[in-house]
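Bear in mind the structure is a predicted one, so any value in this text is a computation, not a measurement. Below, chain A is the first sequence line, B the second, and so on; all start at residue 1.
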Number of protein chains: 2
Amino acid sequence: MKNRIKELRTERAWTQADLAQRVGVSRQTINAIETGKFDPSLPFAFRLAKLFNLTIEELFLDDQ
Amino acid sequence: MKNRIKELRTERAWTQADLAQRVGVSRQTINAIETGKFDPSLPFAFRLAKLFNLTIEELFLDDQ
DNA sequence: ACGCGATGTCAAGCACACTTGACAATGGCC
DNA sequence: GGCCATTGTCAAGTGTGCTTGACATCGCGT
């Protein structure tokens, strides 16, 4: 499951730590999700989508 | 995180086992999600939304 | 070249998503 | 009342989402 998090984060000139703090997870979690180690939980995905003003479908790409 | 799964499933006259088979999880998992025991994973949420022809935001209600 | 912030990554641990197998409770139908 | 499909729920196990702490590496500015 790909995502546009790194792209949207760097657009805003936020560090991984900045973003982590905004959505309430650890920096390592942001890094792991950006580098495709695992997918976020559903509530966490909602928080990210809300932060970037996107739908979950726009933020996460379902490549099955 | 509330969801409309039970409502949409019964509309279609599917059993929990029917739905489970369609999205590739166990019946107990469907039951647990309908009864609010836990939230589905993000890829699983995508499969459910796709099956019901809804967006994730329409299927899952973010009550934080 | 050096320092330093940002990023990538590892290990160990905890909580939860999901499994199979089993059984009790519900509810409609004969 | 009795049968049977459906649903709810428990236990025990596996895998993954997420944590903290630590350390290596990658720019980039000076």
Side-chain angles (χ1 to χ4, degrees):
Chain A
M1 175 139 282
K2 289 178 180 165
N3 68 71
R4 297 175 47 206
I5 294 173
K6 182 168 190 166
E7 168 195 349
L8 293 157
R9 176 180 61 79
T10 55
E11 266 179 26
R12 287 159 176 75
W14 293 343
T15 66
Q16 291 182 345
D18 288 339
L19 176 55
Q21 193 178 7
R22 282 172 195 266
V23 290
V25 295
S26 68
R27 180 185 69 83
Q28 287 85 337
T29 294
I30 296 295
N31 185 76
I33 290 171
E34 284 190 355
T35 56
K37 297 264 166 57
F38 49 72
D39 295 320
S41 69
L42 190 57
F44 180 24
F46 265 86
R47 273 183 276 147
L48 283 165
K50 212 172 271 183
L51 179 63
F52 289 122
N53 268 311
L54 294 174
T55 65
I56 292 189
E57 283 82 358
E58 288 167 338
L59 184 52
F60 297 93
L61 310 184
D62 190 19
D63 50 4
Q64 72 240 12
Chain B
M1 175 137 284
K2 288 177 180 165
N3 67 73
R4 298 175 47 206
I5 294 172
K6 182 169 192 166
E7 168 195 350
L8 294 158
R9 176 179 62 78
T10 55
E11 265 178 27
R12 287 159 176 74
W14 293 342
T15 66
Q16 291 182 345
D18 288 340
L19 177 54
Q21 193 177 7
R22 282 172 194 267
V23 290
V25 295
S26 68
R27 180 185 70 83
Q28 286 86 335
T29 294
I30 296 295
N31 186 76
I33 290 171
E34 284 191 355
T35 57
K37 299 263 166 57
F38 50 70
D39 295 320
S41 68
L42 189 58
F44 180 24
F46 265 86
R47 273 183 275 150
L48 283 165
K50 212 173 271 183
L51 179 64
F52 289 122
N53 269 309
L54 293 174
T55 64
I56 292 189
E57 283 82 359
E58 287 166 339
L59 185 52
F60 297 92
L61 310 183
D62 190 20
D63 49 4
Q64 71 246 8

Readout for nucleotides 17-24 of chain D: B = base within 4.0 Å of protein heavy atom, S = sugar-phosphate only, - = neither; 5' to 3' it is SBBBBB--
5' to 3', nucleotides 25-30 of chain C under a 4.0 Å protein heavy-atom cut-off (B base, S sugar-phosphate only, - none) gives ------
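- Summarising the geometry, the separation between CG on A/Asn31 and P on D/dC26 is reported as 15 Å, rounded to the nearest angstrom.
- Residues B/Ile5 and B/Leu19 meet the side-chain proximity criterion, which asks for heavy atoms closer than 4.5 Å.
- A distance of 10.0 Å separates CD of A/Glu58 from OG1 of B/Thr55, quoted to the nearest 0.5 Å.
- Rounded to an integer number of Å, the gap from A/Ile5 CD1 to C/dG8 P is 13 Å.
- To the nearest 0.5 Å, atoms CG (A/Asn31) and NZ (A/Lys6) are separated by 8.0 Å.
- Remark: A/Gln21 CD to A/Arg27 CZ distance equals 13.5 Å, nearest 0.5 Å.
- Here the closest heavy-atom approach between residue A/Asp39 and residue A/Met1 is recorded as OD1-CB, 3.2 Å.
- Note on the helix from C/dA1-D/dT30 to C/dC30-D/dG1: angle between the axes of the first and last five pairs equals 40°, rounded to 10 degrees.
- In this structure, B/Glu7 places its CD atom 18 Å from C1' of D/dT7, rounding to the nearest Å.
- The CG atom of B/Leu54 lies 9.5 Å from the CD atom of A/Glu57; values are rounded to the nearest 0.5 Å.
- One finds the CG atom of A/Asp62 at 12.0 Å from the CD1 atom of A/Ile56 (value rounded to the nearest 0.5 Å).
- Atom CD in B/Glu34 sits about 9 Å away from atom C1' in D/dT7, given to the nearest Å.
- The side chain to side chain contact (heavy atoms under 4.5 Å, CB included) with B/Leu8 is formed by just one residue from the set B/Asn3, B/Leu59, B/Asn53, B/Leu51; it is B/Leu59.
- In this structure, B/Leu19 places its CG atom 14 Å from C1' of D/dT6, rounding to the nearest Å.
- Distance CD1/A/Ile33 to CD/A/Gln16: 10.5 Å, rounded to 0.5 Å.
- One interatomic measurement links the two molecules: CD of B/Gln21 to C1' of D/dA5, which rounds to 16 Å at whole-angstrom precision.
- Counting only heavy atoms from C-beta outward, the side chains of B/Phe52 and B/Arg4 never approach each other to under 4.5 Å.
- Dashed line: the shortest gap from a side-chain N or O of A/Arg9 to OP1 or OP2 of C/dT7 is under 4.0 Å.
- Residues B/Phe44 and A/Leu42 form no side-chain contact, since every pair of their non-hydrogen atoms from C-beta on lies 4.5 Å or further apart.
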